[in-house]
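Step one of this worksheet: look at the structure below.
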Amino acid sequence: MKVNRYVFLVLATFVLCQPAEGQFLKKLFKKKNKTEKKVETTTDGIKDEEQTVLLDVTTLTDNSKNRNGFLGIPLGIKADRFEKQLLEQGFTERKSEGKQTAKSYVYNGQVMGQPAQVSLYTSDMTERVFAVGVEDNAVYPSETAAKQRCQQIKQQLTAIYGKGFVDNGGEGYTIVNLLGSVNLHYERSMIGGNYTIGFTVDDAKAYQMAYNEMSDKEYEAAPRKIENGLAAKNQHTDIVGLGVRLLKDKTLASAKKVFQEYDYIIGKATAKQQNATFSLNDYQVTVVLTRKKQSFTMVDITADDDLEEVKKDLKIYGFTTTDSRNFQQGKMTATLMTDTQGRVVLRMK
């Protein structure tokens, strides 16, 4: 599923005083009212017991039954079966207050070494789990503390799901593999100034099914194309957010810190330039800063990226345009084009 994470991150604002249920899932998936009466479930021919979890995709000729997973449980199975396996691992169901006409699928338990709340997101008609949301119960008093905890979670997530990329202007980390995706993020609450952390895991095939069952798709991202049970490769990272972060302080010292935060490899500086690179499988990014002593005046980013996704990100980060080539946001300008090899070239200053 090629999720436009930034759209949902902007549209979905959450604060500490909201009900805990689904705070972080609002970041990625439109939250279904849990008290709403659901459409009567239907059969779909999928056998839950045949679904596997996170097998090496290169060992299978058809990955149709191979799923992204959570705590060893395959996504894409029925919610009641998923719940049973969670309870067997020591989770307890979180009872909702007040009268409800539909089950909420929210649980308390240990995730990544800390108490957390887990929410299941299910398809409208078939009640299959297409995503799991995890919210760390702890409240962090500072951004530094939140980042430290995110780094711990990131290391555990990458060991399971593979390498990803820094996202959301530095406040998130996204992993997109051939079976689904994972999105980790922290955010400062609007009340109290504390920080909260959460992550989501989705399955590309289950999301595609859930998307097809949705009656309202207005704020939902179209699923990635699935072939032989595998989703299309990701060809998009947060290059706009990276550029915006770099331009906040046009010193080389600050730029190096941003590059390190984004997991970029910093090249050797010359009198005129400072460059940095990032690679993720066959996706490559090169950033060139035009130097002026210990500062820089311009950022050039060349990436194997999706042009339309970069345009969307520019708009989400507040840039406006009249020609889809030249963008403006306050004093920042961005020019978007492609080179002779079809790569995206983003110039920001």
Side-chain angles (χ1 to χ4, degrees), residues 1 3 21-22 25 28-29 32 34 37-95 102-112 116-134 156-157 159-162 175-183 199-214 220 223-232:
M1 172 180 65
V3 178
E21 175 186 335
L25 266 295
L28 300 173
F29 302 107
K32 186 175 198 55
K34 297 296 185 179
K37 187 174 181 180
K38 294 189 176 183
V39 178
E40 184 177 351
T41 57
T42 59
T43 58
D44 50 30
I46 296 175
K47 295 181 179 179
D48 286 355
E49 65 276 10
E50 294 180 356
Q51 307 307 303
T52 58
V53 56
L54 288 169
L55 296 183
D56 183 351
V57 299
T58 63
T59 65
L60 304 174
T61 56
D62 185 354
N63 282 272
S64 298
K65 297 176 183 178
N66 194 14
R67 302 282 185 168
N68 217 13
F70 175 71
L71 298 180
I73 307 171
L75 296 172
I77 63 176
K78 294 281 189 177
D80 56 354
R81 187 182 182 93
F82 200 107
E83 176 186 64
K84 182 176 182 294
Q85 294 186 55
L86 274 181
L87 297 178
E88 289 172 350
Q89 293 190 35
F91 283 78
T92 57
E93 184 178 3
R94 180 177 179 269
K95 300 295 183 181
K103 189 175 174 65
S104 60
Y105 296 115
V106 181
Y107 310 88
N108 293 318
Q110 291 280 326
V111 182
M112 304 295 180
Q117 182 173 279
V118 173
S119 301
L120 306 185
Y121 272 57
T122 61
S123 55
D124 289 346
M125 292 183 290
T126 52
E127 283 278 307
R128 293 197 173 278
V129 179
F130 69 87
V132 175
V134 178
Q156 294 178 77
L157 291 175
I160 299 169
Y161 301 100
I175 301 168
V176 182
N177 60 39
L178 299 178
L179 297 176
S181 63
V182 182
N183 301 93
F199 68 90
T200 61
V201 182
D202 69 64
D203 176 78
K205 293 184 285 292
Y207 178 76
Q208 183 183 66
M209 176 178 285
Y211 182 85
N212 291 335
E213 295 178 15
M214 292 174 186
E220 308 294 348
R224 284 188 281 165
K225 182 180 179 182
I226 307 291
E227 187 173 347
N228 292 327
L230 299 178

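If you read the sequence from its start, that first residue is 1, and numbering goes on from there.
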Check your understanding: Would Val134 and Phe70 satisfy side-chain contact (heavy atoms from CB on, under 4.5 Å), going step by step from the backbone distance to the final call?
Key -> CA-CA 10 Å; Val134 178; Phe70 175 71; 3.6 Å; yes

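- Checked by atom type and distance alone, the side chain of Arg128 never pairs as donor or acceptor with a backbone atom of Met209 at under 3.5 Å.
- Contacts classified as salt bridge (charged side-chain N to carboxylate O under 4.0 Å, His left out) and involving residues 58-69 (residues at least two apart or in different chains) are given here: Glu50-Lys65, Arg67-Asp203.
- The side-chain heavy atoms of Phe199 and Ile175, taken from C-beta on, include no pair separated by under 4.5 Å.
- Annotation: side chain of Tyr207 is not in contact with side chain of Leu75 (no heavy-atom distance under 4.5 Å).
- When side chains are defined from C-beta on, Gln89 counts as touching Ile73, because their heavy atoms get closer than 4.5 Å.
- From Asp80, atom CG reaches atom OH of Tyr105 across 6.0 Å, with rounding to the nearest 0.5 Å.
- Residue Leu54 comes nearest to Asn66 through the heavy atom pair N-OD1, 3.4 Å, listed as atom of the first residue, atom of the second, then distance.
- At least one donor-acceptor pair under 3.5 Å links the side chain of Thr59 to the backbone N or O of Asp56.
- Summarising the geometry, atom CD belonging to Glu213 is positioned 10.0 Å from atom CZ belonging to Phe130; distances are rounded to the nearest 0.5 Å.
- Residues that satisfy the side chain to side chain donor-acceptor pair (under 3.5 Å) test with Glu49, not counting sequence neighbours, are absent from this structure.
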Practice item. Would you sort out whether Leu71 and Phe91 count as a side-chain contact (heavy atoms from CB on, under 4.5 Å), showing the intermediate values? Key: CA-CA 12 Å; Leu71 298 180; Phe91 283 78; 3.6 Å; yes

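- A distance-only check finds a donor-acceptor pair linking the side chain of Arg224 to the backbone of Gly180 [under 3.5 Å].
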Practice item. Please report the C-alpha distance between Glu93 and Tyr107 in whole Å, then the side-chain angles of each, then the deciding distance to 0.1 Å, and finally whether the side-chain contact (heavy atoms from CB on, under 4.5 Å) criterion is met. Key: CA-CA 4 Å; Glu93 184 178 3; Tyr107 310 88; 4.0 Å; yes

Practice item. Might you work through the side-chain contact (heavy atoms from CB on, under 4.5 Å) test for Asp202 and Tyr121, ending with a clear yes or no? Key: CA-CA 9 Å; Asp202 69 64; Tyr121 272 57; over 6 Å; no

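- Counting heavy atoms from C-beta outward, Met112 and Leu157 have side chains that approach closer than 4.5 Å.
- In terms of heavy-atom proximity, Glu88 sits nearest to Lys84 at OE2-NZ, 2.6 Å.
- Checked by atom type and distance alone, the side chain of Tyr161 never pairs as donor or acceptor with a backbone atom of Val176 at under 3.5 Å.
- The backbone N or O of Lys78 lies less than 3.5 Å from a partner atom in the side chain of Asp48, making a donor-acceptor pair.
- Taking OG1 from Thr61 and CG from Asn63, the interatomic distance works out to 8.0 Å, rounded to the nearest 0.5 Å.
- Here the closest non-hydrogen pair linking Leu120 and Ala79 is CD1-O, 4.3 Å.
- Closest approach of Tyr211 to Pro223, counting heavy atoms only: CD2-CD, 3.5 Å.
- Of all non-hydrogen atoms in Ile226 and Ala204, the two that sit nearest each other are CD1-CB, 3.9 Å.
- Considering every non-hydrogen atom in both Leu179 and Gly229, the closest pair reads CD2-O, 4.2 Å.
- In this structure, the separation between CG on Leu178 and CG on Asn68 is 10.0 Å, given to the nearest 0.5 Å.
- Counting heavy atoms from C-beta outward, Val118 and Val132 have side chains that approach closer than 4.5 Å.
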